[in-house]
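The structure appears below as structure tokens.
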Amino acid sequence: MSEKIQKSEGGREREQRIEKLEQLRGMGVNPFRYSFERTHMLGEAIQNGGELAGSGAEVVCAGRIMSIRKHGKTAFGNIKDSTASLQFYVRKDGVDEESFDLFKLIDVGDIVGIYGTLFRTKTDELTVKVTRLELLSKAILPLPEKWHGLQDKEIRYRQRYVDLIVNDDVMKIFRLRSAIVETIRRFLQEHGFLEVETPILQPIYGGALARPFVTHHNTLDIDLYLRIADELYLKRLIVGGMERVFEFSKDFRNEGMDRSHNPEFTMLECYAAYWDYTRMMEFVEQLFARLCEEFVGGFELKFGEHEIDLKPPWRRLSFFDALGEATDEDLKEMDAETLKELAKKRGLDVDGVTGRGGFLDLLFSELVEPGLIQPTFITDYPVELSPLAKIHRGDASLVERFEPYICGFEIGNAFSELNDPIDQRERFEQQSRMRAEGADEVHPIDEDYVRALEYGMPPTGGLGVGIDRVVMLLTDSHSIRDVILFPQMRPEGGREKD
RNA sequence: GCGCCGCUAGCUCAACUGGCAGAGCAACUGACUCUUAAUCAGUAGGUUCAAGGUUCGAUUCCUUGGCGGCGUACCA
């Protein structure tokens, strides 16, 4: 059986390369070396190519062989490291005998070290003229085809390492992702936010409405939940006096998967004492202005066929005004039954939807969300949908909350945080009643969190940002799987059947 | 979860209405000391996702299953 697996992976070429390993060892070459000292990254060599090419100075580089063009006693090829790709040139009378013999056994995909000098070919291409070659790691599986590369999405996601080797634009997206996160981190630190780490294993899940993953701690013999959000912990830190905190949080939600949802994803949450949601809206605009400056070079962003203008101020539109625009009706005073009729009249599927909040949410996501292409803050949500947000200062049926939308994506969520412990307890209890009525994704009551509020939390503005979606926007990626290195997949070869 | 589409050599893809499973790249052998999708000559490479069915004959048609893509639902 295992023979079958081995055969199916790489086929005959893998066998041939394994034979080469033995030949190499016979020549006294260790095909898997321990280390190698470089003098130049390929990017540096290229950047300083002007001086280096004239000087005859030695460069020592390392990387993966990406192509080889042999012509008898000479050969050209390309070598790639994390900074660049560079052409190399090997000729029989230019290298020592050992290196030339070794080169005969080198394949595309192998990782080598090269010593040489830079020169320009007659087509003016900067090239390393190799004087010595050393094998650092042999590759026994062949790389995908050089011209079409790796197309198969399944292999690209499952074997991301191959995708990264051959698809430079994929590498670029993940470098960009790192830079985006770093820019956001720096921006927050510049504004006095402290980066913290809070539990991923939580005894009570909260801070969002979603089904959790459950695991078990053997010593304590208790079930623990992988966090669906870190909100309640960060606000405990506000109570503790940290005043401005943030965390890049891997969150886990046991829900469906699609173009914009992966079971584990990255959320930025940040909280600022003495801010309210209006101040937080400005902060979001400033943050995106910084991201635009660094990664867009202006405020105009292209996403698919959309041209987005991220220049602040963004449009502010209240939840009920947005619904009013979409329906030509005033939904604010409607009860659950009337909203249900309205949804039906609009041809929406109301199966499984309960409560006034449920119907409002349905109507909003069907009729309003898809149209929110230009950056828009949807503000002032109905209280039913927001158990952790503070009652609106001007209207007790609303909360002070906003969600920024871009390209129809909800990219964040923010409120003036509810800091009245009595109100918070009532909202939790209201959630419990909804659970009893059949809603399965509601907050369990977190007594310790309420106790923390009873010690007094300053007025606080809080914000959550979906980092994966921000990266999608800034890289014009249309699937979350293109911005997550190892997206969740079904097990290869199917599930074991019991 | 549901619907549609796909799965053929290491990779990218062909194969008409059911009739000997093919090409390019990669590999292997040989020629070639400035090539860059190197070139030229030759060789080899397949459980056509799996199991079952229909048929003289299945990559092709049918059933079930697996995996993937897209859409849809769920995910405030």
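Computed from a prediction, not measured in an experiment: that's the story for all the values here. Throughout, a chain's letter reflects where its sequence line sits, starting with A, and its residues are numbered from 1.
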Next on the checklist: Check this for me, if you would: do A/Asp110 and A/Lys20 make a salt bridge, where the nitrogen-to-carboxylate-oxygen distance has to be below 4.0 angstrom?
Outcome noted: no
Checklist entry - Which nucleotide in the list B/U12, B/G1, B/C70 gets nearest to the side chain of A/Lys153? => result B/C70
Checklist entry - Would you say the base of B/U12 and the side-chain of A/Asp152 have a donor-acceptor pair closer than 3.5 Å? => result no
Item to check | Presence of A/Arg490 side-chain N/O under 4.0 Å of B/G68 phosphate oxygens OP1/OP2 | outcome: yes
Next on the checklist: Tell me whether the count of non-hydrogen atoms from other residues, nucleotides or ligands lying under 6.0 Å of CD in A/Glu98 goes above 12.
Outcome noted: no
Next on the checklist: Tell me whether the side-chain N/O atoms of A/Lys146 come closer than 4.0 Å to OP1 or OP2 in B/A26.
Outcome noted: yes
Checklist outcome for this item: Result for ring-ring contact (aromatic ring centres under 6.0 Å, His included) between A/Phe319 and one of A/Phe377, A/Phe402, A/Phe364 points to A/Phe364
Checklist entry - Has the side chain of A/Asp258 got a donor or acceptor atom sitting under 3.5 Å from an opposite partner on the base of B/C74? => result yes
Item to check | Partners passing side chain to side chain donor-acceptor pair (under 3.5 Å) against A/His306 (at least two apart in sequence or in another chain) | outcome: none
Item to check | Under 4.0 angstrom between A/Arg120 side-chain N/O and B/C34 OP1 or OP2 | outcome: no
Checklist outcome for this item: The nucleotide from B/U35, B/C67, B/C75 with an atom nearest the side chain of A/His261 is B/C75
Item to check | Candidates B/U36, B/U33, B/C11 - which lies nearest the side chain of A/Thr123 | outcome: B/U36
Item to check | Presence of A/Arg158 side-chain N/O under 4.0 Å of B/G68 phosphate oxygens OP1/OP2 | outcome: yes
Item to check | Protein-nucleotide distance (A/Lys20, atom NZ; B/C28, atom P), rounded to Å | outcome: 4 Å
Next on the checklist: Side chain of A/Gln151, heavy atoms from C-beta onward: which of B/U35, B/U12, B/G68 has the nearest atom to it?
Outcome noted: B/U12
Checklist entry - For RNA chain B, what string of dots and brackets results from 5' to 3' when Watson-Crick and G-U pairs need both distances under 3.5 Å, crossing pairs get [ ], and pairs with another strand get |? => result (((((((..((((.....[..)))).(((((.......))))).....(((((..]....))))))))))))....
Checklist entry - For the side chain of A/Thr121 and the base of B/U35, is some donor closer than 3.5 Å to an acceptor across the two? => result yes
Next on the checklist: I want to verify a distance call: between B/C67, B/U12, B/G45, whose nearest atom is closest to the A/His148 side chain?
Outcome noted: B/U12
Checklist entry - Is the count of non-hydrogen atoms from other residues, nucleotides or ligands lying under 6.0 Å from A/Gln47 atom CD greater than 12? => result no
